Every structure is written in structure tokens, then in C-alpha cells.
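Quick notes on the structure that follows.
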Amino acid sequence: PEADDFRRVAQLSLDLDGEEFLFEAHAPFVFQSIRRRFFMMEDDEYVQCMCREPLKMLGEGEGKSGCYFIFSNDQRLIIKSVRKSE
């Protein structure tokens, strides 16, 4: 990845079986590279993992930062919330 890839934010829309999912991806090319290189996970597998089943939230900002973690249903992927200031 290039230096600018770390600052990139993408507004994405996915259609999965007629249902639309909207989300914001920070540094999408960087995380795509990590998924492919270390986890051998291609984009279609990533989409299925994140969208096929409901996500599971762990706590509700109970930690010191007030952020929370969301897991894919199969617990292969984790999303961490961040504040706008971050």
C-alpha cells in the first residue's frame, strides 16, 4: 500500500441477495491487502463473512475508550468502532 492509502475513506454500497448494505471503509486498500496476504481472504469471501449473517456486538463501549467491538457471525473478522476525533 501507498502512504495515501492509509488516509482513504470509501463510501460503499453492497447488494447481497436484494438487500442493500451501506458502510464506510477506512483505508480499504490497506485492509484488503492484509486480508489477502495474511488470511488468504478474497473480497467475495469478505463480503459474505460481513453480510450473510447478523453481526455480533461485544459490550457497548464498556472499555476505557468507550469504543466497542463487533464480530462477524463466524468470528473470523472484528470491527472496532472509533470516534470521529480518531
Side-chain angles (χ1 to χ4, degrees):
E2 301 292 324
D4 286 342
D5 290 337
F6 288 87
R7 292 185 286 277
R8 193 171 310 237
V9 177
Q11 305 290 327
L12 302 172
S13 171
L14 298 172
D15 186 305
L16 190 63
D17 297 334
E19 189 167 350
E20 185 178 29
F21 293 87
L22 303 172
F23 62 97
E24 190 172 85
H26 292 260
F29 298 123
V30 174
F31 287 107
Q32 178 186 56
S33 176
I34 291 169
R35 285 191 305 272
R36 287 181 174 170
R37 183 172 181 185
F38 297 105
F39 302 102
M40 283 52 91
M41 181 181 281
E42 293 297 325
D43 294 342
D44 59 338
E45 187 178 2
Y46 167 68
V47 169
Q48 293 295 321
C49 194
M50 295 302 293
C51 300
R52 181 60 63 195
E53 300 287 332
L55 302 175
K56 299 176 182 178
M57 187 181 309
L58 178 65
E60 293 194 34
E62 297 169 359
K64 184 176 180 181
S65 70
C67 296
Y68 52 89
F69 292 93
I70 301 170
F71 291 85
S72 61
N73 193 280
D74 60 10
Q75 297 189 5
R76 292 174 55 202
L77 299 173
I78 301 171
I79 301 169
K80 179 185 179 277
S81 69
V82 294
R83 297 178 183 187
K84 279 194 178 267
S85 61
E86 295 180 281

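None of these values were measured; they are calculated from a predicted model.
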* Run the side-chain contact (heavy atoms from CB on, under 4.5 Å) check on Met41 and Arg36 step by step: do they pass? -> CA-CA 5 Å; Met41 181 181 281; Arg36 287 181 174 170; over 6 Å; no

* Asked: Residues in side-chain contact (heavy atoms from CB on, under 4.5 Å) with Ile79, at least two apart?
  -> Met50, Leu55, Ile70

* **Close side-chain approach of Phe71 and Leu77, heavy atoms under 4.5 Å** => no

* To do: Can you run down the salt bridge (Lys or Arg N to Asp or Glu O under 4.0 Å) pairs that involve residues 21-30, sequence neighbours left out, and say none if there aren't any?
  => none

* **side-chain contact (heavy atoms from CB on, under 4.5 Å) partners for Leu12, two or more places apart** => Ala10, Phe23, Ala25

* **Set of side chain to side chain donor-acceptor pair (under 3.5 Å) partners for Asp44, sequence neighbours left out** => none

* Structure fact -> Sequence neighbours excluded, the answer for side chain to side chain donor-acceptor pair (under 3.5 Å) partners of Asp74 is Ser72

* To do: For Arg37, enumerate each residue passing the side chain to side chain donor-acceptor pair (under 3.5 Å) test, keeping only those at least two apart in sequence or located in another chain.
  => none

* To do: Let me see the working for Arg35 and Met40 under side-chain contact (heavy atoms from CB on, under 4.5 Å), right down to the final yes or no.
  => CA-CA 6 Å; Arg35 285 191 305 272; Met40 283 52 91; over 6 Å; no

* Please name all residues satisfying side chain to side chain donor-acceptor pair (under 3.5 Å) with Arg8, sequence neighbours left out, ordered by chain then number. => Asp5

* **Single-linkage hydrophobic cluster Phe31~Phe38, side-chain heavy atoms < 4.5 angstrom** => yes

* Look up atom CZ in Phe29 and atom CZ in Phe6, then write down how far apart they are to the nearest 0.5 Å. => 13.0 Å

* Min side-chain heavy-atom separation Glu45-Arg76 under 4.5 Å -> yes

* To do: Could you tell me which residues satisfy salt bridge (charged side-chain N to carboxylate O under 4.0 Å, His left out) with Glu53, sequence neighbours excluded, listed by chain and number?
  => none

